[in-house]
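Worksheet for the structure shown next.
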Amino acid sequence: MTRYSRITGTGSYLPPRRLTNADLAAELAAKGVETSDEWIVERTGIRARHFAAPDVFSSDLAVEAAKNALDAAGLLPSDVDLIIVATSTPDMVFPSVACIVQNKLGIGGCPAFDVQAVCCGFIYALTLADAMIKTGSASKALVIGAEVFSRILDFSDRTTCVLFGDGAGAVVLEASDTPGILASDLHADGKNVGILCVPGHVSGGQVLGSPLLKMDGQAVFKLAVGMLESTARAALDKAKLTEADIDWMVPHQANIRIMRSTARKLKMPLEKVVVTVDQHGNTSAASIPLALDVSVRSGTIKKGDTLMLEAVGGGFTWGAVILKY
Ligand code: UT7
């Protein structure tokens with residue numbers, strides 16, 4: 001019998017501190033940085049984001065999301081035999097967030113590691129977990145995206161600090177005799193490192209270079225739309241489906257204009273695009289599992305629906321997954 005992998009539970013967690021655009025604009029104004037709700041909504045679709053308290057780390061958000069996903073799947077932490085966390089904002093240089101999550105869940109022994117593909121991290125992590133399940137090295141995987149991007153924002157740079165938020169999303173991916181993950185398409189191209197990066201590094205007991213996010217927004221925007229269209233088409237081809245077979249597109253939540261433009265290029269109706277960027281901002285690797293969980297819990301996405309997940313992120317990295325939920 002063919003061995004497949006299937007999502008059996010989703011979960012998410014947002015830190016309680018929620019800032020509307022007006023709240024953020026007021027905080028920035030006190031520092032002499034000018035922005036407005038109107039500009040942010042018009043250029044990005046973002047209306048609010050959540051920021052974690054200073055003593056809360058990616059692993060804390062990840063654990064809450066993971067517990068919710070395990071509850072939804074009807075599993076205990078001790079059932080888990082693989083943990084993959086996608087993050088670019090780990091608790092520390094090492095060990096991985098996944099190992100910290102494993103310990104906080106009170107389990108040990110199973111493989112646990114992080115994936116670093118920035119905003120495309122969850123697509124990479126899900127693809128890896130699927131491959132490990134299909135080849136028999138895991139049966140019940142926790143795949144998590146967790147970020148505290150507020151830690152790496154330059155609050156004197158209005159072109160970036162209004163875009164991002166903190167949060168976590170998780171799925172339980174289990175071995176199944178019916179298909180779940182149908183196809184996946186992954187890419188990377190390192191020549192655009194400089195247009196979206198956090199250049200700082202640790203050396204000789206110091207952080208050398210800026211530990212804050214730097215982005216050329218327009219350059220990212222132009223590259224993103226083409227990459228998302230091509231990876232979506234490649235994943236559809238691999239799954240032997242067309243855009244008409246997709247019930248819901250769950251894109252990385254970076255900017256409503258990028259999501260709409262990708263949907264238009266794919267000739268998919270905008271009503272089929274899941275949008276949470278308005279409430280979460282860009283939560284990088286957490287954005288897709290967060291959007292997925294919100295849609296599952298609201299009843300928008302139902303068992304048996306065919307989904308397209310897709311993302312582009314720093315690196316550049318980009319990819320898509322087609323799955324039967
Ligand atoms: O997940 C990672 C992937 N990242 C992304 O997907 C980001 C992709 N890029 C974008 O989403 C957009 O490029 C941005 C939202 C970052 C910027 O939107 P834009 O339409 O490309 O604006 P722009 O950079 O062309 O800036 C237009 C104007 C500028 O003023 P001038 O030069 O025309 O006078 C900016 O200085 O808007 C100004 N501006 C702002 N004004 C108020 C830039 N940021 C702000 C701000 N508030 N926060």
Side-chain angles (χ1 to χ4, degrees), residues 19-49 86-89 116-124 145-150 152-167 169 187-189 192-198 212-229 231 250-263 265 273 275-278 280-291 309-320:
L19 283 96
T20 63
N21 290 342
D23 297 333
L24 184 61
E27 286 197 6
L28 293 174
K31 296 177 183 158
V33 176
E34 199 190 321
T35 189
S36 65
D37 175 54
E38 196 189 4
W39 189 94
I40 302 171
V41 171
E42 189 190 307
R43 302 288 175 132
T44 71
I46 298 167
R47 293 180 186 276
R49 77 284 294 139
T87 187
S88 301
T89 47
Q116 219 281 39
V118 201
C119 299
C120 195
F122 186 77
I123 300 287
Y124 268 64
E147 303 279 14
V148 284
F149 255 57
S150 60
I152 53 167
L153 295 180
D154 176 354
F155 286 99
S156 68
D157 175 10
R158 67 177 182 173
T159 69
T160 53
C161 73
V162 300
L163 305 176
F164 296 90
D166 302 340
H187 299 274
D189 183 347
N192 292 304
V193 166
I195 63 171
L196 177 50
C197 61
V198 177
L212 300 175
L213 181 147
K214 233 177 54 151
M215 177 170 75
D216 176 345
Q218 284 194 2
V220 171
F221 197 115
K222 279 182 203 141
L223 280 172
V225 176
M227 287 168 167
L228 289 170
E229 184 192 359
T231 192
V250 190
H252 167 48
Q253 307 283 316
N255 184 320
I256 190 76
R257 288 155 56 210
I258 296 180
M259 291 188 252
R260 285 192 183 135
S261 139
T262 311
K265 279 174 179 277
V273 181
V275 176
T276 52
V277 71
D278 55 332
H280 303 161
N282 181 345
T283 58
S284 193
S287 92
I288 290 177
L290 251 167
L309 319 182
E310 39 117 69
V312 57
F316 262 48
T317 51
W318 66 104

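Treat the numbers as computed from the prediction; the structure is a model and nothing was measured. For the single chain, residues carry numbers from 1 onward in sequence order. Whatever order the structure lists ligands and atoms in, that order sets their numbers, starting from 1.
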The one among Ile256, Thr283, Ile258 that brings a heavy atom closest to atom 6 (O) of ligand 1: Ile258

Which residue supplies the protein heavy atom nearest to atom 5 (C) of ligand 1, what is that atom called, and how far is it? Val220 CG1, 3.7 Å

Glu34 backbone acceptor or donor facing Arg158 side chain under 3.5 Å: yes

Measure the distance from atom 16 (C) of ligand 1 to every protein heavy atom, then report the residue, atom name and distance (to 0.1 Å) of the closest one. Leu163 CD1, 3.9 Å

Looking only at distance, does Gly217 have an N or O less than 3.5 Å from an N or O of ligand 1? yes

Heavy-atom check, side chain of Thr283 versus side chain of Phe164, under 4.5 Å: no

Checking the side chain of Asp166 only, and the main-chain atoms of Ser150 only, is there a donor and an acceptor separated by less than 3.5 Å? yes

Any protein heavy atom < 4.0 Å from atom 43 (C) of ligand 1: yes

Using a distance-only test with no angle check, is there a side-chain donor-acceptor pair under 3.5 angstrom linking Glu147 and Thr87? yes

Any donor-acceptor pair under 3.5 Å from Thr44 side chain to Ile40 backbone: yes

Ligand 1 atoms in contact with Asn282 (distance to a heavy atom under 4.0 Å): 1 (O), 2 (C)

Counting from 1, what ligand 1 atoms have a heavy atom of Met215 closer than 4.0 Å? 4 (N), 7 (C)

Please answer whether the main-chain N or O of Thr20 pairs with a side-chain N or O of Arg47 as donor and acceptor at a distance below 3.5 Å. no

Ligand 1 atoms in contact with Arg257 (distance to a heavy atom under 4.0 Å): 18 (O), 20 (O)

Give the atoms of ligand 1, by number and element, whose distance to some non-hydrogen atom of Ala254 is under 4.0 Å. 1 (O), 6 (O)

Counting only heavy atoms, tell me which of Glu38, Glu42, Gln218, Gln253 gets closest to atom 23 (P) of ligand 1. Gln218

Of all the atoms in ligand 1, which lie at a distance below 4.0 Å from a heavy atom belonging to Thr44? 15 (C)

Verify, without hydrogens or angle tests, whether Asn21 (side chain) and Ile46 (backbone) share a donor-acceptor contact under 3.5 angstrom. yes

To which of His252, Arg43, Lys222 does the heavy atom nearest atom 26 (O) of ligand 1 belong? Arg43

Starting from atom 37 (O) of ligand 1, what is the nearest protein heavy atom, named by residue and atom, and what distance separates them? Trp39 NE1, 3.0 Å

Enter the distance from Asp154:CG to Leu213:CG here, rounded to the nearest 0.5 Å. 9.0 Å

Interfacing atoms of ligand 1 (cut-off 4.0 Å, heavy-atom, Cys119): 1 (O), 2 (C)

Correct closest heavy-atom pair for Val33 and Ser156 would be CG2-CA, 3.9 Å

Under 4.0 Å from any heavy atom of Val162, which atoms of ligand 1 are there? 48 (N)

Under 4.0 Å from atom 34 (O) of ligand 1, is there any protein heavy atom? no

Ligand 1 to Asn255 polar contact by distance, N or O atoms, under 3.5 Å: yes

Quick one: does any side-chain atom of Gln253 pair with a main-chain N or O of Thr276 as donor and acceptor, under 3.5 Å? yes

Among all protein heavy atoms in this structure, tell me which lies nearest to atom 47 (N) of ligand 1, with the distance rounded to 0.1 Å. Thr35 OG1, 2.7 Å

Ignoring hydrogens, what is the shortest heavy-atom contact between Arg49 and Gly165? Give both atom names and the distance. CB-CA, 4.0 Å

Hey, is atom 30 (O) of ligand 1 touched by any protein heavy atom at less than 4.0 Å? no

Hey, are the side chains of Val118 and Ser284 touching, using non-hydrogen atoms and a 4.5 Å cut-off? yes

The closest protein heavy-atom partner of atom 48 (N) of ligand 1 is Arg158 O, 2.9 Å

